[in-house]
Trainee: 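Quick one: this structure, given as structure tokens, is what I'll be asking you about.
Scope of the values below: all heavy atoms of this structure, side chains included, with no hydrogens, waters or symmetry mates. One-based numbering, in listed order, for ligands and for the atoms of each.
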Amino acid sequence: MTTILALESSCDETSVAVLRLDDSLDGVGMAPAEVLANVVSSQVDIHARFGGVVPEVASRAHLEMLEAVIGEALETADIDPSGIDAVAATCGPGLIGALLVGVSAAKALALAWGVPYIGVNHMEGHLFATFLEKPDIELPMVVLLVSGGHTMLVHVIEPGCYAILGSTVDDAAGEAFDKVARYLDLGYPGGPAIDRLAANGNREAVKFPRGMIDEGLDFSFSGMKTAVINFVRRHPQVNDEDLSASFQEAVVDVLVEKTMRAVSQTGARSAALGGGVAANSRLRERFAEAASAAGIDYLVPSRAYCTDNAAMIAAAGQWRLKAYGPTGLDGGANPGLRLVS
Ligand code: KG4
Ligand code: ZN
């Protein structure tokens, strides 16, 4: 058994998790794991009045919260530091100041506790959310990673071996949700607000364009966002429910269509969702329908493992430690860290 403590502080969630893994099994996959704690302290309320994440405010808030969140995770896991075998932290991509808070704390803890440190790529963490809940999912797999900063289709050949099949040429899907919500004055973050309003709206009320839907595996959401803004200017009386449902349907149409296209082009045996936008109700429903109609293995992760959390960082960290060994204590943070170099 290996018990790993992980920190996630790349954006606006301060999260600490404790994961216990049964790593007695051999193989390239991830070991079955038990999440003993996954504490997430969100800064959403702090950033809401600015309409988005303010990087300097985020770093300070991480610094203020981290010690308490670590304490709460250890308490929830009912474990003391002598029971921790390794410490992981997100080392990129993300906001540099925010990343440095987590990386520095993780290295200090590893040094003090005499255990290895592992720097983890945040996007690889999102991929590992799938293995956390379904370690035996069939490979190769296509994962649609959709967050506030990224939109990409990743071909997971095996853990550690990835190819980017497509990505956004402009806004990320979450960014489009956030910008439309901001224009409509729905608050921040916009995705959950649009999701809630859409539940009572007519998805066919407005036929918005489906950006690049017939073209390959790349995405474009900027035109869809502009189409919503232009429509509201011309029809100020339109209600937010219908608008949200119609916009959400357009985004989901594109995401699901391209994910299934990637599955058929690669011959993948499974598919999964990851990232904050994967918490979207309509995307979850439509993706599950499409994957099950295609007869492939699939996973719609729990919402808690879609949005930023440290359990997924612990899962990726455990695998990295086993496959490549510890990260040196001179390892820094890289705001532009890529999944595939
Ligand atoms: O992965 P994440 O927590 O942070 C990043 O790494 O970016 O994703 C945050 C993004 C935000 O843009 C937020 O609006 C979006 O995920 N999001 C949603 C939903 N919940 C969060 N978008 C659509 N529907 C949701 N239910
Ligand atoms: Zn994320």
Trainee: Going by the atom numbers of ligand 1, which of them fall below 4.0 Å from some non-hydrogen atom of Gly149?
Mentor: 7 (O)
Trainee: With heavy atoms of Ala279 as the reference, note each atom of ligand 1 found under 4.0 Å away.
Mentor: 20 (N), 26 (N)
Trainee: Please check if the side chain of Asp170 supplies one atom and the backbone of Phe221 the other of a donor-acceptor pair under 3.5 Å.
Mentor: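 Present.
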Trainee: With the Zn ion (ligand 2) as the reference point, give the N/O/S atom of Asp308 that is nearest.
Mentor: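 Distance check against the Zn ion (ligand 2) picks out OD1 in Asp308.
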Trainee: Where does His150 meet ligand 1, judged by heavy-atom distances below 4.0 Å: at the side chain, the backbone, both, or neither?
Mentor: neither
Trainee: Any side-chain heavy atom of Leu66 within less than 4.5 Å of one from Val16?
Mentor: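 The answer is yes, as the side chains (C-beta and beyond) meet within the 4.5 Å cut-off.
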Trainee: Taking the side chain as every heavy atom from C-beta outward, state whether Glu133 and Ser302 have any pair of such atoms under 4.5 Å apart.
Mentor: yes
Trainee: Mind checking whether His126 has a heavy atom under 4.0 Å from ligand 1?
Mentor: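 Heavy atoms of His126 do come under 4.0 Å of ligand 1.
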Trainee: Within the structure, does Ser281 bring an N/O atom to less than 3.5 angstrom of an N/O atom in ligand 1?
Mentor: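 No; the residue has no nitrogen or oxygen that sits under 3.5 Å from a nitrogen or oxygen of the ligand.
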Trainee: Among all protein heavy atoms in this structure, tell me which lies nearest to atom 3 (O) of ligand 1, with the distance rounded to 0.1 Å.
Mentor: Asp308 N, 3.1 Å
Trainee: Measure from the Zn ion (ligand 2) to every N/O/S atom of His122 and report the name of the nearest one.
Mentor: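 Of all N, O or S atoms in His122, the Zn ion (ligand 2) lies closest to NE2.
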Trainee: What residue and heavy atom of the protein are closest to atom 26 (N) of ligand 1, and at what distance?
Mentor: Asp195 OD2, 2.8 Å
Trainee: Of all the non-hydrogen atoms in the protein, which one sits nearest to atom 24 (N) of ligand 1, and at what distance?
Mentor: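 Result for atom 24 (N) of ligand 1: Asn280 ND2, 3.0 Å.
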Trainee: Report yes or no: does Arg303 have a heavy atom closer than 4.0 Å to ligand 1?
Mentor: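 In this structure, Arg303 fails to qualify as a contact of ligand 1 - no heavy atom is under 4.0 Å.
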Trainee: Only heavy atoms of Thr307, strictly under 4.0 Å: list the atoms of ligand 1 that pass.
Mentor: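 Listed by number with element: 3 (O).
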Trainee: Within ligand 1, which atoms have a heavy atom of Gly174 less than 4.0 Å away?
Mentor: 12 (O)
Trainee: I'd like to check which ligand 1 atoms, numbered from 1 as shown, lie under 4.0 Å from a non-hydrogen atom of His122.
Mentor: 6 (O)
Trainee: If I compare all heavy atoms of Thr130 with all of Ala272, which pair ends up nearest, and what's the gap?
Mentor: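 So the minimum-distance heavy-atom pair works out to OG1-CB, 3.5 Å.
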Trainee: Below 2.8 Å, can you find an N, O or S atom of His126 next to the Zn ion (ligand 2)?
Mentor: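 Checking the Zn ion (ligand 2) against His126, an N, O or S atom does fall under 2.8 Å.
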Trainee: Of the choices Gly275, Ala172, Gly191, which has the non-hydrogen atom that lies closest to atom 22 (N) of ligand 1?
Mentor: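 It is Gly191 that holds the nearest heavy atom.
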Trainee: Tell me whether the rings of Phe231 and His235 are parallel (<30°), tilted (30 to 60°) or perpendicular (>60°).
Mentor: parallel
Trainee: For atom 8 (O) of ligand 1, what's the nearest protein heavy atom and its distance?
Mentor: Gly276 CA, 3.3 Å
Trainee: Can you pull out the closest protein heavy atom to atom 9 (C) of ligand 1? Residue, atom name and distance to 0.1 Å, please.
Mentor: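 Result for atom 9 (C) of ligand 1: Gly148 N, 3.8 Å.
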Trainee: Any donor-acceptor pair under 3.5 Å linking the side-chain atoms of Arg20 with those of Thr3?
Mentor: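 Yes, Arg20 and Thr3 have a side-chain donor paired with an acceptor closer than 3.5 Å.
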Trainee: Relative to ligand 1, is Asp178 under 4.0 angstrom through side chain, backbone, both or neither, heavy atoms considered?
Mentor: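 Just the side chain.
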Trainee: Determine whether the side chains of Asp12 and His62 contain a donor N or O and an acceptor N or O closer than 3.5 Å.
Mentor: no
Trainee: Would you call Glu56 and Arg60 a salt bridge, taking side-chain N to carboxylate O under 4.0 Å as the test?
Mentor: yes
Trainee: Check the side chains of Thr2 and Asp85 for a donor-acceptor pair under 3.5 angstrom, ignoring hydrogens and angles.
Mentor: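 No, Thr2 and Asp85 have no side-chain donor paired with an acceptor closer than 3.5 Å.
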Trainee: Hey, is Glu249 close enough to Arg286 for a salt bridge, meaning N to O under 4.0 Å?
Mentor: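 Salt bridge: yes.
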Trainee: Can you tell me if, anywhere in Cys11, an N/O/S atom lies at a distance from the Zn ion (ligand 2) that is smaller than 2.8 Å?
Mentor: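 Here the distance criterion (N, O or S atom, under 2.8 Å) is not met by Cys11, so no.
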Trainee: Is it true that Glu257 and Arg210 make a salt bridge, defined as a side-chain N closer than 4.0 Å to a carboxylate O?
Mentor: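 Salt bridge flag = no for Arg210 with Glu257.
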Trainee: Establish, from distance only, whether the side-chain atoms of Asn280 and Gln248 form a donor-acceptor pair under 3.5 Å.
Mentor: yes
Trainee: Specify whether Trp319 and Phe128 have parallel, tilted or perpendicular ring planes, treating 30° as the upper limit for parallel and 60° as the lower limit for perpendicular.
Mentor: tilted
Trainee: Does ligand 1 have any atom that is closer than 4.0 Å to a heavy atom of Pro192?
Mentor: yes
